[in-house]
Amino acid sequence: MASAAEKDRPTSPKSNDDTEKSDYVSVIAHAVGDGVGRTVSELADLTTAFNEAQYYDFPSEPSEEPDYDLINFDITAPVQGQTRQERLAVVRNGIKQLWDPRRIQFRDKVAFLLGSCLLWAVAYWLGWSPSTFYKLYSAQVVVLIAIRWGVYRSKKWHYYMFDFCYYGNLLLLIHLWLLPRNELLSKVTYAFNTGVLTWSVVAFRNSMVYHDLDKVTSVYLHLAPACVSWTLRWHPDTSRFGPGKDATEAERQSWDNASLVQLVGIPLLFYLAWAISYWLKIFVVSAERIKQRGYITLFTYVTTTTKGVYAAIAKRVPNQYRPQVYLFLHMCFCCTTMLLSWICWRNFTAHTLLLCAMGVASLWHGATYYFDVFAKRYLAEVTKAQQAAMQPAGDTGYAEKKKR
């Protein structure tokens, strides 16, 4: 679909070069649309290869960063003596190599292996050395968030990263590495991690789908902080966390006890700081930018594209009041789950069972996804890739289809 700028651009007679360029764009659009459902602008890594071969003069800056890994293939063969149709065939062959069914399957097998290893590493470390688990968490969460930023930026989803779970993970990292002996921050992060983030696994149906890095990351961002808080509460590294060696008995008791004010009231103030910042960023400062560029936020997702409490209520509320209602319901959810975190603070068994239950829930959601959704979708994707690979290199079916 043409952008507004393209529609307003004045037309001019096409030269042979323009016609040839249009043919290349048509070929790529056909391959992308029929083969992988991607847009032409996402093939940013092809820009250099096309320019070197003088096939097509892409813009110097792609309109959107790629959201998947491109496999290198040779489309820079000498062009001397080649006809336009021969060069178009080279482009077709390159794209078919990129989405060969074997490569799709190999990619997903590797992702499955890495996702499984991540789960094993977390489970092993929690049993082997729970007091140092925060180190594994810190290293993994930084890498996962960096990868997610790159992927989400390419898909125009990066405004998701202003959501509460990222704020909660940021506070936890600050506590772990900058203020490890701050009692107030330790209880605020405990309330967030054991409350809001843990119960979000159920609220947002986080799924442990091993071959899908995005889904694995979502589970990790919600459950791993809860595991860190579990270790800090029941198996702390006393040389780094908790009261210092010179602490009085009263200070030690204060660290060991937690009231509702400490686990609900004070964390609520931290929550309000995030909520106000989120409101200003999403609904005031960047509201027009989000609308114009088609960015997706969690607010638009839960109020318009999903089933559930948020969507059901949003449909009954005028558009101008939906942001307020959304944040109010979000705050109610946070307060309720933080109340439950107080029970876990006082009882090791309850705390442990909660984490196990949420882990099982994520596995159940993953199993449901694999057998109810993924099996059919994956078969269709591989079948489509196989059909594309069987299409003759010089086929001009797209041009003929376009003429009809």
Side-chain angles (χ1 to χ4, degrees), residues 114-145 148 163-177 179-180 185-210 213-242 255 258 263 267 334 337-338 340-366:
L114 294 177
S116 300
C117 290
L118 177 64
L119 178 63
W120 297 339
V122 169
Y124 176 78
W125 204 300
L126 279 173
W128 168 63
S129 181
S131 63
T132 61
F133 177 74
Y134 71 93
K135 296 179 181 179
L136 176 67
Y137 158 78
S138 300
Q140 289 179 334
V141 78
V142 169
V143 173
L144 290 175
I145 288 180
R148 170 164 281 193
D163 293 324
F164 184 80
C165 65
Y166 301 95
Y167 174 68
N169 278 270
L170 176 61
L171 283 181
L172 180 58
L173 289 172
I174 292 174
H175 171 53
L176 294 176
W177 298 102
L179 300 169
L185 192 56
S186 71
K187 292 177 179 176
V188 168
T189 55
Y190 178 90
F192 285 168
N193 299 341
T194 310
V196 186
L197 297 187
T198 299
W199 287 93
S200 291
V201 172
V202 174
F204 295 104
R205 293 188 60 83
N206 291 158
S207 307
M208 184 61 76
V209 179
Y210 298 105
L213 181 61
D214 184 59
K215 293 185 182 297
V216 171
T217 300
S218 294
V219 173
Y220 194 87
L221 291 176
H222 290 127
L223 272 185
C227 293
V228 172
S229 289
W230 181 84
T231 62
L232 295 180
R233 174 67 181 125
W234 306 110
H235 302 280
D237 178 0
T238 55
S239 64
R240 180 174 179 80
F241 301 102
W255 267 90
L263 292 181
C334 291
T337 55
M338 287 189 294
L340 297 175
S341 74
W342 178 73
I343 299 175
C344 294
W345 179 276
R346 301 167 63 87
N347 190 291
F348 169 81
T349 302
H351 195 177
T352 304
L353 288 177
L354 174 64
L355 295 186
C356 292
M358 293 303 165
V360 170
S362 70
L363 291 171
W364 179 259
H365 294 159

Legend entry - Heavy-atom donor-acceptor pair, Thr198 side chain to Gly195 backbone, under 3.5 Å: no
Legend entry - Trp345 to Trp255 - nearest heavy-atom pair and separation: CZ2-O, 3.5 Å
Inset, instruction - Could you give me the CA-CA distance, side-chain angles and deciding distance for Asn193 and Ser229, then say whether side chain to side chain donor-acceptor pair (under 3.5 Å) is met? - result: CA-CA 7 Å; Asn193 299 341; Ser229 289; 2.8 Å; yes
Inset, instruction - Look at the side chain of Asp237 and the backbone N and O of Ser239, then say whether any donor-acceptor pair between them is shorter than 3.5 Å. - result: yes
Legend entry - Contact check, side chains of Leu173 and Ser138, non-hydrogen atoms, under 4.5 Å: yes
Inset, instruction - Heavy atoms only: give me the nearest Leu223-Ser362 pair and the separation to one decimal. - result: CD1-OG, 4.3 Å
Legend entry - Sole residue of Trp177, Trp230, Trp125 in ring-ring contact (aromatic ring centres under 6.0 Å, His included) with Tyr134: Trp177
Inset, instruction - Could you tell me whether His175 and Tyr190 have their ring centroids closer than 6.0 angstrom? - result: no
Legend entry - Closest non-hydrogen atom pair, Ser200 against Val196: OG-O, 2.7 Å
Inset, instruction - State, with a plain yes or no, whether a side-chain heavy atom of Leu170 is found less than 4.5 Å away from one of Tyr166. - result: no
Legend entry - Gap between atom CG of Leu197 and atom CE of Met358 - 0.5 Å precision: 11.5 Å
Legend entry - Any Leu144 side-chain heavy atom under 4.5 Å of Leu213 side chain: yes
Inset, instruction - Any chance you could measure Leu119, atom CG, to Leu114, atom CG, to the nearest 0.5 Å? - result: 13.0 Å
Inset, instruction - Look at the side chain of Asp214 and the backbone N and O of Arg148, then say whether any donor-acceptor pair between them is shorter than 3.5 Å. - result: no
Legend entry - Straight-line distance of Leu179 CG to Phe241 CZ, nearest 0.5 Å: 11.0 Å
Inset, instruction - Determine yes or no for a side-chain-to-main-chain donor-acceptor pair under 3.5 angstrom, with Ser129 supplying the side chain and Gly127 the backbone. - result: no
Legend entry - CH2/Trp364: more than 12 non-hydrogen atoms of other groups inside 6.0 Å: no
Legend entry - Flag for Asn169-Tyr137: side-chain donor and acceptor within less than 3.5 Å: yes
Inset, instruction - Quick one: pull up OG1 in Thr189 and NZ in Lys187 and give me the separation to the nearest 0.5 Å. - result: 11.0 Å
Legend entry - Side chain proximity check, Val122 to Gln140, heavy atoms < 4.5 angstrom: yes
Legend entry - Sub-4.5 Å side-chain heavy-atom contact between Asn206 and Lys215: no
Inset, instruction - Report the C-alpha separation of Leu118 and Val216 in whole Å, then their side-chain angles, then the decisive distance to 0.1 Å, and conclude whether the side-chain contact (heavy atoms from CB on, under 4.5 Å) test is met. - result: CA-CA 9 Å; Leu118 177 64; Val216 171; 3.4 Å; yes
Inset, instruction - Rounded to the nearest 0.5 Å, what's the gap from CD1 on Ile145 to OH on Tyr220? Could you check? - result: 10.0 Å
Inset, instruction - Indicate the atoms forming the closest heavy-atom contact of Cys227 with Phe133, along with that distance. - result: CB-CE2, 3.8 Å
Legend entry - Distance-only side-chain donor-acceptor flag, Thr349 / Thr352, under 3.5 Å: no
Legend entry - Heavy-atom closest contact (Leu263 atom, Trp342 atom, distance): CD1-CA, 3.6 Å
Inset, instruction - State, yes or no, whether a side-chain contact exists between Leu176 and Leu232 at a heavy-atom distance under 4.5 Å. - result: yes
Inset, instruction - List the atom of Met338, the atom of Ala191, and the distance in Å for their closest heavy-atom pair. - result: CG-O, 3.7 Å
Inset, instruction - Enter the distance from His365:NE2 to Met208:CE here, rounded to the nearest 0.5 Å. - result: 12.0 Å
Inset, instruction - Find out whether Trp199 and Leu354 are in side-chain contact, i.e. whether some heavy atom of one side chain is under 4.5 Å from a heavy atom of the other. - result: yes
